[in-house]
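Report on one structure; see the data block that follows.
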Amino acid sequence: MKVLPRKFYSRNTMKVARDLLGCFLIREYRGKIWRAMITETEAYRGEEDLACHASKGRTPRTEVMYDEPGHAYVYMIYGMYHCLNIVTEKKDFPAAVLIRGAKIFGRRTSKDGGPPDVHLGGPGKLCQFLKIDRKLNKWDLTKGERLWIEHRNPRAKLLAIKKSKRIGVDYAQHCREYLWRFNLKL
DNA sequence: TATACGATCACCT
DNA sequence: GGTGATCGTATAC
C-alpha cells in the first residue's frame, strides 16, 4: 500500500477533504495496528473562514496549520476530546481537513463471523479509539510511521459523496452555510 | 490573574 | 430540542 505523498495534501482543501474519503487512516500504537477507511471529513480553509481556528491568526495553537501540508493538527476540545486534522494547501496558508468519521472492517474469514466492523463516528470518538492525542500534534503523516494515510480503496470511487454544512460552527456567521462537510454514502 | 467558550459526546425531555 | 462534564486557548482587565 502506498503512503499518500505531500503533494496530495498540497492542494485545494475541499478537494483534499473529498479525496480523503475512502482512503485508509493507519495507526500504529504499542504493537497494534488499526486500518480505518475514512468516511466523513470537513474542510477548514484560511483566515477568512470564521469557523477555522486560524481565523484568529497565527498563534502557538494554530501555527501548525501554517506549516507544510501533510502534518497532523491535533487539539483538545471541551477539555475531554481530541480532534484530528490534516494540514493542507501551501506552506504559510492555514488550512486543514478534520477527520470526522471512519470505519474499520472486521475480517470475514471464519464462519463464526470474526471481529465485527467498528464504526468510528465523530472526531472525538475516533481519536479516543485510535489513541490519538496532542502528542501527535505536528506529526508528519508522509513518513509512514505511527500515523499515516494510504491511498483510496478503488471501489470507494464508485460511491456517491454527500455535501452538507459543517457541524458545531453556528458562531461562524455566513461561513456556517458553506457546504464543506463530505460524507461517503456506503 | 480572571473569565468566557469551544471543529464533542452522552444523556435527558 | 437542551444540558453538563472539563480544560486549553484567547481575550479582557
Side-chain angles (χ1 to χ4, degrees), chain A residues 4 8-9 11-23 25 27 29 34 36-89 92-104 116-141 147-149 161-184:
Chain A
L4 290 182
F8 176 91
Y9 303 105
R11 295 183 296 143
N12 175 274
T13 307
M14 285 70 89
K15 284 203 175 81
V16 175
R18 198 189 52 204
D19 289 347
L20 278 173
L21 296 175
C23 292
L25 177 66
R27 171 63 168 141
Y29 178 79
W34 293 282
M37 194 181 84
I38 296 169
T39 55
E40 184 177 343
T41 59
E42 281 178 3
Y44 291 86
R45 185 176 188 278
E47 295 178 353
E48 312 290 309
D49 175 8
L50 298 177
C52 181
H53 290 166
S55 62
K56 315 250 180 188
R58 196 190 279 250
T59 69
R61 183 201 204 192
T62 61
E63 171 204 329
V64 61
M65 295 185 95
Y66 294 77
D67 204 344
E68 292 283 349
H71 286 78
Y73 168 37
V74 183
Y75 64 91
M76 171 166 271
I77 187 72
Y78 301 113
M80 41 194 350
Y81 295 102
H82 296 274
C83 291
L84 169 66
N85 301 252
I86 322 297
V87 176
T88 58
E89 309 263 352
D92 293 321
F93 185 91
V97 174
L98 171 67
I99 308 297
R100 290 193 61 88
K103 186 171 183 177
I104 299 175
D117 292 350
V118 181
H119 178 243
L120 306 176
K125 285 172 67 180
L126 185 143
C127 287
Q128 200 171 49
F129 186 93
L130 295 177
K131 311 292 183 198
I132 293 167
D133 60 27
R134 295 185 327 142
K135 291 196 284 294
L136 284 167
N137 193 32
K138 305 186 182 179
W139 184 255
D140 185 354
L141 296 176
L147 183 69
W148 71 94
I149 299 177
I161 291 170
K162 185 181 147 197
K163 290 199 276 188
S164 54
K165 294 180 188 174
R166 292 174 293 179
I167 300 294
V169 295
D170 287 354
Y171 59 87
Q173 301 173 39
H174 65 282
C175 299
R176 62 188 276 181
E177 306 296 332
Y178 295 170
L179 298 177
W180 285 4
R181 178 181 178 214
F182 304 91
N183 279 81
L184 205 53

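Predicted, not measured: the structure shown is a model, and the values here were computed from it. Below, chains carry the letters A, B, ... as their sequence lines are ordered, and counting in each starts from 1. Side chains are part of it too, since the values below use all heavy atoms of this structure and drop only hydrogens, waters and symmetry mates.
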Within-4.5 Å side-chain heavy-atom neighbours: [X] and [Y]:
{"X": "M14(A)", "Y": "F182(A)", "result": "yes"}
{"X": "I86(A)", "Y": "V16(A)", "result": "no"}
{"X": "S164(A)", "Y": "N183(A)", "result": "yes"}

**Request:** Look at the side-chain N and O atoms of R100(A) and state whether any lies under 4.0 Å from the OP1 or OP2 oxygen of dT8(B).
**Result:** yes

**Prompt:** Does a side-chain N or O from R166(A) land closer than 4.0 Å to OP1 or OP2 of dT8(B), or not?
**Reply:** no

Quickly work out the [X] [atom1] to [N] [atom2] distance and round it to whole Å.
{"X": "L98(A)", "N": "dT8(B)", "atom1": "CG", "atom2": "P", "answer": "7 Å"}
{"X": "I77(A)", "N": "dT9(C)", "atom1": "CD1", "atom2": "P", "answer": "11 Å"}
{"X": "F129(A)", "N": "dT8(B)", "atom1": "CZ", "atom2": "C1'", "answer": "18 Å"}
{"X": "M76(A)", "N": "dT9(C)", "atom1": "CE", "atom2": "C1'", "answer": "12 Å"}
{"X": "Y81(A)", "N": "dC9(B)", "atom1": "OH", "atom2": "C1'", "answer": "4 Å"}
{"X": "H119(A)", "N": "dC9(B)", "atom1": "NE2", "atom2": "C1'", "answer": "14 Å"}
{"X": "Y73(A)", "N": "dG8(C)", "atom1": "OH", "atom2": "P", "answer": "14 Å"}
{"X": "I132(A)", "N": "dT8(B)", "atom1": "CD1", "atom2": "P", "answer": "16 Å"}

**Item:** Smallest separation among heavy atoms of D140(A) and G70(A), with atom names
**Value:** OD1-O, 3.6 Å

**Complete:** Here the pair of heavy atoms bringing D49(A) nearest to C175(A) is OD1-CB, 3.7 Å

**Request:** Go through the steps to decide whether H82(A) and V74(A) satisfy the test side chain to side chain contact (heavy atoms under 4.5 Å, CB included), and finish with yes or no.
**Result:** CA-CA 7 Å; H82(A) 296 274; V74(A) 183; 4.2 Å; yes

Side chain of [X] only, please: which of [options] is the nearest?
{"X": "R134(A)", "options": "dG8(C), dT8(B), dA5(C)", "value": "dG8(C)"}
{"X": "C52(A)", "options": "dA10(B), dG8(C), dA7(B)", "value": "dA7(B)"}
{"X": "Y171(A)", "options": "dA10(B), dG6(B), dT8(B)", "value": "dG6(B)"}

**Message:** I'd like to know if the side chain of Q128(A) reaches the main chain of Y81(A), judged simply by a donor and an acceptor atom lying under 3.5 Å from each other, with no hydrogens or angles considered.
**Reply:** no

**Message:** Check whether T88(A) reaches the backbone of T13(A) with its side chain - one donor and one acceptor, N or O, closer than 3.5 Å.
**Reply:** no

**Asked** Between D170(A) and K165(A), does at least one N-O distance fall below 4.0 Å, as a salt bridge requires?
**Response** no

**Prompt:** Going by an N to O cut-off under 4.0 Å, is there a salt bridge joining E42(A) and R166(A)?
**Reply:** no

**Request:** Can you tell me which stems DNA chain B forms, taking runs of 3 or more consecutive Watson-Crick or G-U pairs with both distances under 3.5 Å?
**Result:** B:1-6 with C:7-12, B:8-12 with C:1-5

**Asked** Considering only heavy atoms, which members of residues 55-71 of chain A lie under 4.0 Å from some atom of DNA chain C?
**Response** K56(A), T59(A), R61(A)

**Message:** Using a heavy-atom cut-off of 4.0 Å across all strands, would you classify G124(A) as base, sugar-phosphate, or nothing?
**Reply:** sugar-phosphate

**Message:** With the criterion set at under 5.5 Å between ring centres and under 30 degrees between planes, would dA7(B) be stacked on Y44(A)?
**Reply:** yes

